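For reference, the structure discussed in these notes is given below.
Values below: all heavy atoms of this structure, side chains included; hydrogens, waters and symmetry mates excluded. Since the model is a prediction, treat every value here as computed from it, not as a measurement. Naming convention: chains lettered A, B, ... in sequence-line order (proteins, then strands); numbering from 1 in each chain.
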There are 2 protein chains.
Amino acid sequence: MEKTLTITKSLADGNRMRVIAALMEKEELCVCQIVEMLRLATATVSRHMSILQNARLVQSRKDGKWVYYRLAEPFPETLRIWLFESLSGSPEIQADRVLLESILECIPADLCRRQKKRKGCAC
Amino acid sequence: MEKTLTITKSLADGNRMRVIAALMEKEELCVCQIVEMLRLATATVSRHMSILQNARLVQSRKDGKWVYYRLAEPFPETLRIWLFESLSGSPEIQADRVLLESILECIPADLCRRQKKRKGCAC
DNA sequence: ATCTCATTTCGTTATTTAGCTAAATATACA
DNA sequence: TGTATATTTAGCTAAATAACGAAATGAGAT
């Protein structure tokens, strides 16, 4: 039961749920993209992703200084279906979807610079 | 997304997960039976059931002074399947299953009396 | 109406969790 | 090597949550 509980606990937070929903649509996101979407501190996002990774819901890969997260393989299929069904029609997830489109137009390096200085995107 | 989050939050507690698992096997349980299984105070169980009811995962009926809970109708089918799959093989749930068999041999009135006095079951 | 009993609600306490900043770590570059 | 940068970890604070006992509520019996 611990494993199940670890999963439900990791999904008992709105921001982590939003990340999962985003990763159900986009194959992979890097920390700074998630930071941009959630509008949280990098440290906070890192911690959230750690919880999701520990729950075996996401996995990560490093590309130099960049860390990318994607849904874990394997991801419980029935859980994914339930999430998809119950989140469909959610205005918050839809808002994230739109925001993510513009975020993905920036390359991560530019995003990070922007986050550091809180200035306009270089895109 | 609020509805989904309400559900994941309600399932982010071990005791509430145990109740759901029990109700997936037994059609209906009354408060005192749940109290006996979880080994918690009546007030605590009542509060847990209130959370599950608010999340639309369980529903209740009254029979005089007795309140019985069962899985809500409708209960998200894909969620149920995931829970069943991920909880199968859980030693804690299996232990509850065994304990519940003996609990169900007592009628609720006797259970309540026992809980009040912490003495032997009248069965 | 009064008393008994099962359950719920309320208030309190201890524990857990989400958010942040600062420090630490890992990677890249000059 | 030193500097810059992305991310993670550690520590702190405020908020949320689980457990309990007491009080309130509802149902049954006399």
Side-chain angles (χ1 to χ4, degrees), chain A residues 2 5-19 28-55 58-69 106-118 122, chain B residues 2 5-6 8-19 28-55 58-69 106-119 122:
Chain A
E2 275 315 303
L5 216 45
T6 300
I7 290 177
T8 51
K9 281 183 178 177
S10 74
L11 292 176
D13 172 71
N15 286 316
R16 289 203 287 277
M17 182 70 89
R18 289 167 69 194
V19 172
E28 198 170 62
L29 295 171
C30 83
V31 175
C32 61
Q33 289 168 331
I34 297 170
V35 165
E36 195 69 15
M37 180 180 77
L38 299 184
R39 295 189 176 113
L40 295 176
T42 302
T44 306
V45 167
S46 184
R47 195 154 165 286
H48 280 313
M49 299 316 293
S50 175
I51 290 166
L52 288 173
Q53 190 149 262
N54 178 259
V58 302
Q59 64 195 36
S60 63
R61 71 172 174 97
K62 262 191 178 174
D63 182 14
K65 293 179 299 186
W66 313 91
V67 177
Y68 292 84
Y69 289 92
C106 301
I107 59 176
D110 291 339
L111 257 186
C112 289
R113 260 194 293 272
R114 186 170 88 172
Q115 282 161 10
K116 240 181 154 175
K117 301 183 179 178
R118 277 297 145 199
Chain B
E2 276 315 304
L5 218 44
T6 299
T8 50
K9 281 182 178 176
S10 74
L11 293 175
D13 173 72
N15 287 315
R16 290 202 289 276
M17 183 70 88
R18 288 167 70 194
V19 171
E28 198 170 60
L29 296 171
C30 83
V31 174
C32 61
Q33 288 167 332
I34 298 169
V35 164
E36 194 71 14
M37 180 180 76
L38 298 184
R39 295 188 176 114
L40 296 175
T42 303
T44 306
V45 167
S46 183
R47 197 154 166 287
H48 280 312
M49 299 316 291
S50 175
I51 290 167
L52 287 173
Q53 190 149 260
N54 178 257
V58 302
Q59 65 193 36
S60 62
R61 70 171 176 98
K62 262 192 180 178
D63 181 12
K65 293 180 302 186
W66 313 90
V67 178
Y68 292 83
Y69 289 91
C106 302
I107 59 177
D110 291 338
L111 257 185
C112 289
R113 257 193 298 270
R114 184 169 91 172
Q115 283 162 9
K116 241 180 152 177
K117 302 186 177 178
R118 277 295 146 200
K119 285 181 182 174

Which nucleotide wins on minimum distance to the side chain of [X], given the candidates [options]?
X        : options               : result
B/Lys9   : C/dT7, C/dA26, D/dT17 : D/dT17
B/Val67  : D/dT7, C/dA28, C/dT7  : C/dT7
B/Trp66  : C/dA26, C/dT7, D/dT9  : C/dT7
B/Cys112 : C/dT9, C/dA26, C/dA6  : C/dA6
B/Arg16  : C/dT27, D/dA18, D/dT9 : D/dA18

Ignoring hydrogens and geometry, is there a side-chain-to-backbone donor-acceptor pair from [X] to [Y] under 3.5 Å?
X       : Y        : value
A/Glu36 : A/Leu111 : no
A/Thr6  : A/Glu2   : yes
A/Arg16 : A/Ile51  : no
A/Thr8  : B/Leu11  : yes

Whole angstrom value for the distance that separates [atom2] of [N] from [atom1] of [X]:
X        : N      : atom1 : atom2 : value
B/Ile107 : C/dA6  : CD1   : C1'   : 14 Å
B/Leu5   : C/dA18 : CG    : P     : 11 Å
A/Ile34  : D/dT7  : CD1   : P     : 9 Å
A/Lys65  : D/dA6  : NZ    : C1'   : 6 Å
B/Leu29  : C/dA6  : CG    : C1'   : 16 Å
A/Met17  : C/dA18 : CE    : P     : 13 Å

Atom pairs under 3.5 Å: protein N/O with N/O of nucleotides 19-24 of chain C:
residue: C/dG19; atom: OP1; partner: A/Asn15; partner atom: ND2; Å: 2.7
residue: C/dG19; atom: OP2; partner: A/His48; partner atom: NE2; Å: 2.3
residue: C/dC20; atom: OP2; partner: A/Ala41; partner atom: N; Å: 3.1
residue: C/dC20; atom: OP2; partner: A/Thr44; partner atom: OG1; Å: 2.8

Using a cut-off of less than 4.0 Å, is there contact between a side-chain N or O of B/Tyr69 and OP1 or OP2 of C/dT8?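 Yes, within the criterion.
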
Please tell me which of A/Asp63 and B/Met49 maps to the more 5' nucleotide of DNA chain C, matching each residue to the nucleotide holding its nearest heavy atom.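 Nearer the 5' end of the strand: B/Met49.
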
Starting at the 5' end of DNA chain C, which residue's closest nucleotide do you reach first, A/Ile51 or B/Cys30?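 The residue mapped nearer the 5' terminus is B/Cys30.
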
